[in-house]
J.: 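Dumping the structure here so I can ask a few things about it.
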Number of protein chains: 2
Amino acid sequence: MSRRDEILDVAVAVLEEEGPDALTMRELATRMGIRAPSLYKHVRDKDDILAGVQERALIALAQHLAAAGPGLAGLADAYRSWARAHPRLYEVATRRPLARERIAPGVEAAAAAPIVAAAGGDAHLARALWALAHGLVDLELSDRFPPGADLDATWRTALRGFEPPPSPTRS
Amino acid sequence: MSRRDEILDVAVAVLEEEGPDALTMRELATRMGIRAPSLYKHVRDKDDILAGVQERALIALAQHLAAAGPGLAGLADAYRSWARAHPRLYEVATRRPLARERIAPGVEAAAAAPIVAAAGGDAHLARALWALAHGLVDLELSDRFPPGADLDATWRTALRGFEPPPSPTRS
DNA sequence: TGACAAGGCTAACGACGTAAGCCATTCTGG
DNA sequence: CCAGAATGGCTTACGTCGTTAGCCTTGTCA
């Protein structure tokens, strides 16, 4: 494993354990047993690290979505549960502009694939679904909903508009 | 106008003109013709300023939404157009945890009111609509959609799931 | 063996938020 | 009308941040 990858490992760990404010060059260096300026032998700057973390977050999210339960509800569940399990990673994955130049091609597509599939290939619908899920998660993670709100119910309501029309099953 | 309000005016101006990185205590002070430490006579800390800016942003957004055109489409248009006209303000309005203690009561409700109305009073539906709009705007503002994507069409698709069922008009 | 790359190090810079404490002006109550 | 307090500036300074410059050791290979 390259030294750069080690740094990214540590960065992810710091982020998840202590939050974004603790993610300083000096803290990273300390955890690696070196001094802050030495990091620059392996990494362009702090933004480079963030881009690497973003890439890893997208990959992890993509994997989680790929293993989602069936249906739109399963996908939505997977999306929300991953974001709640890794709120800081979700933040760097979505809040910063996508570093398209620094991120391996295909990562973006891989993360999008399960959603596009759920949308039956309709790109606009896929984006709408993504935005809906992202909006719900983003607002939840930054505590914008009134405390005590029943967000499970909100999700169900939100997805109702996008469910395929109920196939008339015999009753 | 209180000195604090002047500071907030300047903060909004800096934010809109030069972006969040330029929003430093020293820059604010310079624009007001004083020194940075003097700001602390009127403001608790930088976070206090951000909370004030957040409050103003929410009020402005609420006013814009209240003046929206008719229907869900009108409301959606108003939401998106305000966010695109004031992307940095939209950011502080939504990305930071809501400083409920520091913000005048009612502001939150006022911003929510037009959406709740459009949802016919259904709180879950209102949150879903808000999340959808926020998600679309947030992803657009941070350049997460593929360049060149037709976002107008995406919005139309997104809202389709929430439109009231078409009343059967004579044709 | 000697050049060179890799990867550490120290020292330091400038920007940031902010605390401490001083001083002039202005307001206010006896 | 004046004493004292409140107001709102100021300078100085601290600690933290990202980052640069330049040095030195170690391992590799011609």
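Reckoned from all heavy atoms, side chains included, excluding hydrogens, waters and symmetry mates. Naming: A, B, ... by sequence-line order, numbering from 1 per chain. On a predicted model such as this, the values are computed, not experimentally measured, just so you know.
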J.: In the hydrophobic clustering that connects Ile, Leu, Val, Met, Phe, Trp and Tyr at side-chain heavy-atom distances below 4.5 Å, which members other than B:I59 occupy its cluster, ordered by chain and number?
T.: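 Once heavy-atom contacts under 4.5 Å are chained together, B:I59 belongs with B:L58, B:L98, B:I103, B:V107.
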J.: Could you measure the distance from the CZ atom of A:R80 to the CG atom of A:D152? Nearest 0.5 Å is fine.
T.: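 The distance works out to 5.0 Å.
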J.: About how many Å separate CD1 of A:I7 and CZ of A:R4, when rounded to the nearest 0.5 Å?
T.: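 Interatomic distance, A:R4 CZ to A:I7 CD1, rounded to 0.5 Å: 8.5 Å.
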J.: For the residue pair B:H134 and A:H134, does the interplanar ring angle fall in the parallel (under 30°), tilted (30 to 60°) or perpendicular (over 60°) class?
T.: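 Rings of B:H134 and A:H134: parallel, under 30°.
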J.: Nearest whole Å is fine: how far is C:dC16 P from B:R26 CZ?
T.: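 Taking atom P of C:dC16 as the reference, CZ of B:R26 is at 6 Å.
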J.: Tell me, which of residues 4-20 of chain A have any heavy atom that sits under 4.0 Å from an atom in DNA chain D?
T.: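 Per residue number, the list is empty: none.
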J.: Tell me what A:R3 touches on the nucleic acid: a base, only sugar-phosphate, or nothing, going by heavy atoms under 4.0 Å.
T.: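 Sugar-phosphate contact only.
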J.: Can you tell me the distance, in whole Å, between the CG atom of A:D21 and the P atom of D:dT16?
T.: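 After rounding, the gap between these two atoms is 14 Å.
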J.: Under 4.0 Å between a side-chain nitrogen and a carboxylate oxygen: does that hold for B:D150 and A:R127?
T.: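 Result for this pair is no, no salt bridge flagged.
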J.: To the nearest Å, give me how far apart CE (A:M32) and C1' (C:dC9) are.
T.: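 Rounding to the nearest Å, CE of A:M32 and C1' of C:dC9 are 15 Å apart.
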J.: Hey, do the aromatic rings of A:W155 and A:Y79 have their centres closer than 6.0 Å?
T.: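 No; A:Y79 has its ring centre 6.0 Å or more from that of A:W155.
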J.: Between the main-chain N or O of B:R96 and the side-chain N or O of A:R144, is there a donor-acceptor pair closer than 3.5 Å?
T.: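 Between the backbone of B:R96 and the side chain of A:R144 there is a qualifying donor-acceptor contact (under 3.5 Å).
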J.: A:L28 CG to C:dG8 P: how many Å, rounded?
T.: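 Going from CG in A:L28 over to P in C:dG8 covers 14 Å.
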J.: What verdict does the side-chain hydrogen bond (donor to acceptor under 3.5 Å, both in side chains) test give for B:H64 and B:S81, after you've listed the backbone C-alpha separation in whole Å, the side-chain angles of each residue and the deciding distance to 0.1 Å?
T.: CA-CA 9 Å; B:H64 196 78; B:S81 70; 3.2 Å; yes
J.: Pull out every residue in residues 35-48 of chain A that has a heavy atom closer than 4.0 Å to any atom of DNA chain C, ordered by number, or say none.
T.: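 By residue number: A:R35, A:P37, A:S38, A:K41, A:H42.
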J.: Looking across every strand, which nucleic acid part, if any, lies under 4.0 Å from A:L23 by heavy atom: base, sugar-phosphate, or nothing?
T.: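 Sugar-phosphate, backbone atoms only, no base.
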